[in-house]
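For reference, the structure is listed below as structure tokens.
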Amino acid sequence: MSDGAERKPVPAIPKEAQVMAGILRALGINEYDPGVLTQMLEFSYRYITNILEDAKLYSNHARKRTIDIDDVKLAVQVNTEQTVTGPPTRDVLLELAQVRNNAHLPLVKPGAGLRLPPDRHCLTNTNYRLRSARGGAGQSAAGARKTNGVGTPTFSMQVQPGGGMKRKWEDGGQN
């Protein structure tokens, strides 16, 4: 090491942290915050501690002096059942759906539903009125078309001011 290059001191990483870093590298995660290793170590420590405490309880309950593999397996199984829940089976879901769908929906009350403002305030309101351009009885108005001697009315459209629009049919001589 006398080539003139100075070596930087490598920070001492605990063996457990090196294992966690190896797991991350194996998963293809090469860049991560240094706090990730700390969080992973804390999680694994807490998980293993809980499993071993439960295994010790099961061993004591069986009046054994040492913890064996069956105690640890039982502790892992119980912990998994308590913390990890899977979705219900298809049969259970179908049964629940059948029970729920058998109940009749309540009848709709007459006042229930979509409440709209009065017609004059709605965009669905008619904004025009029709006025007949034909004359009185027996007379044809200018612009009226005759078919077989019968006058066909023509209509003109008037837009009501102020937004209050109404349809109106007016006979020729009656206003």
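Enclosure of atom OH in Y45 is not indicated, since only 12 or fewer non-hydrogen atoms of other residues, nucleotides or ligands lie within 6.0 angstrom. Taking a 6.0 Å sphere around CG of L27, one finds it holds more than 12 heavy atoms contributed by other residues, nucleotides or ligands. Shown here is Q18, whose CD atom has more than 12 heavy atoms of other residues, nucleotides or ligands within 6.0 Å. Around NZ of K73, the count of heavy atoms belonging to other residues, nucleotides or ligands within 6.0 Å does not exceed 12.
Summarising the geometry, atom CD belonging to E53 is positioned 10.0 Å from atom CD1 belonging to I51; distances are rounded to the nearest 0.5 Å. Considering NZ of K64 and OG1 of T66, their distance stands at 7.0 Å, rounded to 0.5 Å. Here the CE atom belonging to M40 is positioned 12.5 Å from the CD atom belonging to E16, to the nearest 0.5 angstrom. The CG atom of L52 lies 11.5 Å from the OG atom of S59; values are rounded to the nearest 0.5 Å. Atom-to-atom distance recorded for L24:CG and E31:CD is 12.5 Å, nearest 0.5 angstrom. From M20, atom CE reaches atom CZ of F43 across 9.5 Å, with rounding to the nearest 0.5 Å.
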Can V78 and Y58 be said to form a side-chain contact (heavy atoms from CB on, under 4.5 Å), step by step?
CA-CA 11 Å; V78 169; Y58 300 142; 3.6 Å; yes
With salt bridge (charged side-chain N to carboxylate O under 4.0 Å, His left out) as the test, would you mind laying out the steps for D71 and K56 before giving the verdict?
CA-CA 7 Å; D71 297 327; K56 184 178 178 182; over 6 Å; no
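The main-chain N or O of A75 is never found under 3.5 Å from a side-chain atom of N79 such that the two would form a donor-acceptor pair.
For the pair Q98/N102, a side-chain contact is recorded, criterion being any heavy-atom separation below 4.5 Å from C-beta on.
Residues A21 and L37 come closest through the heavy atom pair N-CD2, 3.6 Å.
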